[in-house]
Amino acid sequence: MTQVQDHPRPTPLIPEGGLFSPYASAIIRASPSRIHSIIIDTSSYPKWNTFVPNATITKQPNKPAIDSQLAMDTHMTLKGHMTESMPFASKEIVSMLDEPKTGKGAVTRICWKFHGGMLLPGMVMKAERVNEIEDLGDGTCEYRTWETFGGMTAHVVRWKYGKALQERFEDWVRDLKAYAEGDEETLKARKEEVKEQNTVVASTRLR
């Protein structure tokens, strides 16, 4: 698994690469369509995603009714924990959603962008998450994911949360790989690890 914390990476909406980009990747023994289907199905997140176990879709302009499947321009709120004692909620909009592409070297992209609204316009805070699935042509894929941060407050985000974001991105990739490959033992161990961490934090607060 690749571990890069500060190297800025371009995204479709931040082609200059912003200030910093937490990044992680892994080789996954699964097809592009399998990995794609997991990422766009927010109802599956509680089953595998220890970083963002809750993704609530609030608006889907291109669908007649809201469901659990991401689509272009879907509005959603992602909820999880940056650290054991630091929950977060982030409003996002799907900004790119390819259909699964197959064939050696074919790359499928799924992206969403931070939506700060009037309180946090792009000049103050901008961020875009990229998920890339590259078909390696041998029954496996390289999955790469990063989020690029820019704007005036990106320096504060990097200083306060840079290390935690890098760790959580590695968790996301590790969890996705285990779920896509059907590795129930790893998934169970990850959930027990998070549960134990949360128990320690809760007991500390009661002291």
Side-chain angles (χ1 to χ4, degrees), residues 1-42 44-45 47-53 55 57 62 68-76 78 80 90 92-115 126-150 154 157-158 162 164-183 186:
M1 187 175 297
T2 307
Q3 299 181 10
V4 179
Q5 182 169 335
D6 290 330
H7 178 61
R9 291 176 175 269
T11 75
L13 296 180
I14 313 176
E16 74 280 7
L19 177 69
F20 79 109
S21 306
Y23 169 90
S25 70
I27 303 300
I28 300 178
R29 295 189 302 275
S31 66
S33 60
R34 165 67 173 162
I35 300 168
H36 181 279
S37 68
I38 295 170
I39 295 171
I40 68 168
D41 181 11
T42 60
S44 75
Y45 284 22
K47 301 175 184 177
W48 64 271
N49 197 332
T50 59
F51 176 24
V52 184
I57 292 176
N62 298 320
S68 64
Q69 302 291 310
L70 297 184
M72 191 63 187
D73 298 321
T74 291
H75 292 231
M76 60 182 173
L78 304 181
S90 180
E92 311 282 341
I93 301 175
V94 175
S95 52
M96 178 179 286
L97 183 54
D98 291 341
E99 291 296 321
K101 299 176 182 178
T102 59
K104 187 174 182 179
V107 177
T108 304
R109 293 183 178 88
I110 304 168
C111 307
W112 49 80
K113 62 181 180 179
F114 173 70
H115 179 54
K126 59 182 176 180
E128 187 173 31
R129 174 73 178 270
V130 177
N131 300 273
E132 283 192 345
I133 306 161
E134 181 178 353
D135 189 346
L136 299 182
D138 59 358
T140 69
C141 292
E142 181 176 11
Y143 172 68
R144 302 180 289 266
T145 187
W146 68 93
E147 186 162 8
T148 294
F149 292 83
V157 174
R158 177 182 179 183
L165 276 167
Q166 178 61 35
E167 292 172 349
R168 298 295 79 77
F169 269 58
E170 292 167 12
D171 288 343
W172 174 295
V173 171
R174 186 183 302 114
D175 295 345
L176 176 61
K177 174 179 170 67
Y179 189 68
E181 294 180 348
D183 186 351
T186 296

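In what follows, residues are counted from 1 in the order of the sequence shown.
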Under-4.0 Å salt bridge between Lys113 and Glu128: no
Atom of Ser44, atom of Ile38 and distance for their closest heavy-atom approach: OG-O, 3.3 Å
Pairwise side-chain contact, Val94 with Asp73, heavy-atom cut-off 4.5 Å (strictly under): no
Taking every non-hydrogen atom, the tightest pair across Asp135 and Gly103: OD2-N, 2.9 Å
Smallest separation among heavy atoms of Pro53 and Gly80, with atom names: CD-CA, 4.0 Å
Donor-acceptor contact below 3.5 Å, side chain Thr148 vs main chain Ser21: no
Nearest atoms (heavy-atom pairs only) where Ser25 meets Arg144: CB-CG, 3.9 Å
Sidechain-backbone polar pair: Asp98 side chain, Arg109 backbone, donor-acceptor under 3.5 Å: yes
Candidate pair Ser31 and Thr102, rule side-chain contact (heavy atoms from CB on, under 4.5 Å), full reasoning: CA-CA 8 Å; Ser31 66; Thr102 59; over 6 Å; no
Pair Glu16 + Arg9: basic N to acidic O under 4.0 Å: no
Gln166 side chain vs Tyr23 backbone, donor-acceptor pair below 3.5 Å: yes
Backbone N/O of Val130 and side chain of Thr145: donor-acceptor pair under 3.5 Å: yes
Stacked cation flag Arg129 on Phe169, 6.0 angstrom / 45 deg: yes
Minimum-distance pair of heavy atoms, taken over all atoms of Ala26 and Val173: CB-CG1, 3.4 Å
Worked verdict on Ile57 versus Leu70 for side-chain contact (heavy atoms from CB on, under 4.5 Å): CA-CA 8 Å; Ile57 292 176; Leu70 297 184; 4.2 Å; yes
Distance-minimising heavy-atom pair for Phe51 and Asp175: N-OD2, 4.4 Å
Parallel, tilted or perpendicular: ring planes of Trp172 versus Tyr45, cut at 30 and 60 degrees: perpendicular
Heavy-atom donor-acceptor pair, Glu142 side chain to Ile27 backbone, under 3.5 Å: no
